[in-house]
Chemist: 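The following block contains the structure, expressed as structure tokens.
Whatever order the structure lists them in is the order used to number ligands and atoms, beginning at 1. Keep in mind that the numbers below use all heavy atoms, side chains included, and drop hydrogens, waters and symmetry copies.
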Amino acid sequence: MKDPDFKARHGLSDVINAAGTFTPVGVSRSSSQVAAITADALGDYFIIEELQQAAGRVLARWSGAEAGALTHCTAAAITLSVAAAMTGDDGEAVAGLPRTEGLANKVVLPAGHAVNYGQPITQAIRLAGAEPVLAGTKQQCSLDNITKALAMPGIAALMLVSSRLTFGQPVDLAAATDAAHRAGIKVIIDGAAQDMRIDELLALGADLVLVSAQKYLAAPTAGIVVGNKALVSAVRAQEKGIGRGMKAGKEAICGVLAAIEARQAVDLAVWASEQADKVQWLEKQLRGLPGLTTSLVNDTAGLPLARLCLQVDADQAGMDAATLSQRLKDGTPSLWLIDREAMRGELSLEVVQLGDDELKLASEIISGILGF
Ligand SMILES: *Cc1c(COP(=O)(O)O)cnc(C)c1O
């Protein structure tokens, strides 16, 4: 930070983020170029419509979609995409939300896709005034379960989630998308952390794909919406309705433009091999610590990265996984791991957000706590 005392003055911790693109620790770190463009935008005026149009052009070119737009974040994009599926660009219907009288207002969601990313996705759907309809069970949702749910009266959209947060057997996204389209129903895919796979998700035939600009793209917080032109335009129509409180600011829009320009210069294969080197190095350092069993686990959603999984044996380590995670958070600097599965003895580290010095420090901190 430019003001070196800023964090200390406000009592803010230094953080090492090995938890991935995790919202509670600030998600990602922007490059100095993206930060500079974002800061410049704060000191300037823009015709916001021009900015949104420019963002739409850049997002479409980058993703290969017909059109694009930005909202405040992906949670907002979920709510506004559902709103768009219900209202289209009918100004009266837009102004009437979250009242949905006279509109198809049900959204089918595979039960295993009812994820919680800090908020239940079902709530983000309900915020538009819609009613989620869960298909199948958390463990298993067949194409037949989805087809039956889509045949109910009043369905506005099928929502699918591409994320490591989903539960149960994987849903065949392409087949589900086809089934919805055969029933004349729009498909929205929440792929919040899947910006590297945005073209893959669009290729499934989805009408809208939603990704977070602040996750691996490392832009300021924003929700990227790409897809079908009419539906993107219906998302933008919500800016005069429930979307008012979910708008992207000028600084975020400029920062996203800069981040996409930067991404286009990145060779993802080279990037993936750098991440693989980092995570393999870390595994070598932590392998053999008392009470730890290490393994590399590929991202289940299909991102080109592996995470380092630590299975903690409480007796040998002298503490269980949850205690280890808490002690790491309580340290200085505060080290954050992925601890969703701590009750099962499992912690994992994602190295993408770590610089070389931080990688080394993270390894030393963990080794230190486990007695080396
Ligand atoms: C992060 C995430 C969201 C929310 O994204 P924000 O941009 O933080 O609002 C939604 N869905 C999934 C699957 C996520 O991982």
Chemist: Going by distance alone, is a donor N or O of one side chain under 3.5 Å from an acceptor N or O of the other, for Glu251 and Thr38?
Modeler: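 Checked: Glu251/Thr38 side chains show no N/O donor-acceptor pair below 3.5 Å.
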Chemist: Minimum heavy-atom separation for Val235 and Thr71, please, with both atom names.
Modeler: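 It is CG1-CG2, 4.3 Å.
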Chemist: In the protein, which heavy atom is nearest to atom 2 (C) of ligand 1, and how far is it?
Modeler: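 So the nearest neighbour among protein heavy atoms is Lys215 NZ, 2.5 Å.
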Chemist: Atom 8 (O) of ligand 1: which protein heavy atom is closest, and how many Å away?
Modeler: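 Going by distance alone, atom 8 (O) of ligand 1 is nearest to Gln214 NE2, 3.3 Å.
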Chemist: Would you please say whether a donor-acceptor pair under 3.5 Å links the side chains of Asp144 and Thr147?
Modeler: no
Chemist: Compare all side-chain heavy atoms of Met196 with those of Trp271 and state whether any distance is below 4.5 angstrom.
Modeler: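 Contact flag for Met196/Trp271 side chains = yes.
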Chemist: I'd like to check which ligand 1 atoms, numbered from 1 as shown, lie under 4.0 Å from a non-hydrogen atom of Cys73.
Modeler: 6 (P), 7 (O), 9 (O)
Chemist: Say whether Lys278 and Gln275, considering side chains only, have a donor N or O and an acceptor N or O under 3.5 Å apart.
Modeler: yes
Chemist: Within a distance under 4.0 Å of any heavy atom of Ala192, pick out the atoms of ligand 1 and give their elements.
Modeler: 1 (C), 2 (C), 3 (C), 10 (C), 11 (N), 12 (C), 14 (C), 15 (O)
Chemist: What protein heavy atom sits nearest atom 6 (P) of ligand 1, and how far off is it?
Modeler: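 Going atom by atom, the protein heavy atom closest to atom 6 (P) of ligand 1 ends up being Thr74 N, 3.5 Å.
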Chemist: Cut-off 3.5 Å, side chains only: do Thr87 and Asp90 have a donor facing an acceptor?
Modeler: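 No, Asp90 and Thr87 have no side-chain donor paired with an acceptor closer than 3.5 Å.
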Chemist: Using a strict 4.0 Å threshold on nitrogen-to-oxygen distance, state whether Asp14 and Lys7 make a salt bridge.
Modeler: yes
Chemist: Quick check: Ser163 and ligand 1, any N/O pair under 3.5 Å apart?
Modeler: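 Not met; the criterion fails.
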Chemist: Could you check atom 10 (C) of ligand 1 against the protein and tell me its nearest heavy-atom contact, residue, atom and distance included?
Modeler: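 Result for atom 10 (C) of ligand 1: Tyr117 CD2, 3.3 Å.
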Chemist: Say whether Ala76, considering both its backbone and side-chain N or O atoms, lies within less than 3.5 Å of an N or O atom on ligand 1.
Modeler: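 Between Ala76 and ligand 1, no N or O pair is found under 3.5 Å apart.
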Chemist: Which of the atoms of ligand 1 are close to Ser212, meaning less than 4.0 Å from one of its heavy atoms?
Modeler: 5 (O), 6 (P), 7 (O)
Chemist: Would you mind checking which non-hydrogen protein atom is closest to atom 11 (N) of ligand 1, with the distance to 0.1 Å?
Modeler: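 For atom 11 (N) of ligand 1, the nearest protein heavy atom is Asp190 OD2, 2.6 Å.
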Chemist: Suppose we measure from atom 9 (O) of ligand 1 to each protein heavy atom; which comes out shortest, and what is that distance?
Modeler: Ala75 N, 2.8 Å
Chemist: Have Asp190 and His113 got a donor and an acceptor in their side chains that come within less than 3.5 Å?
Modeler: no
Chemist: Are any of the heavy atoms in His72 under 4.0 Å away from ligand 1?
Modeler: no
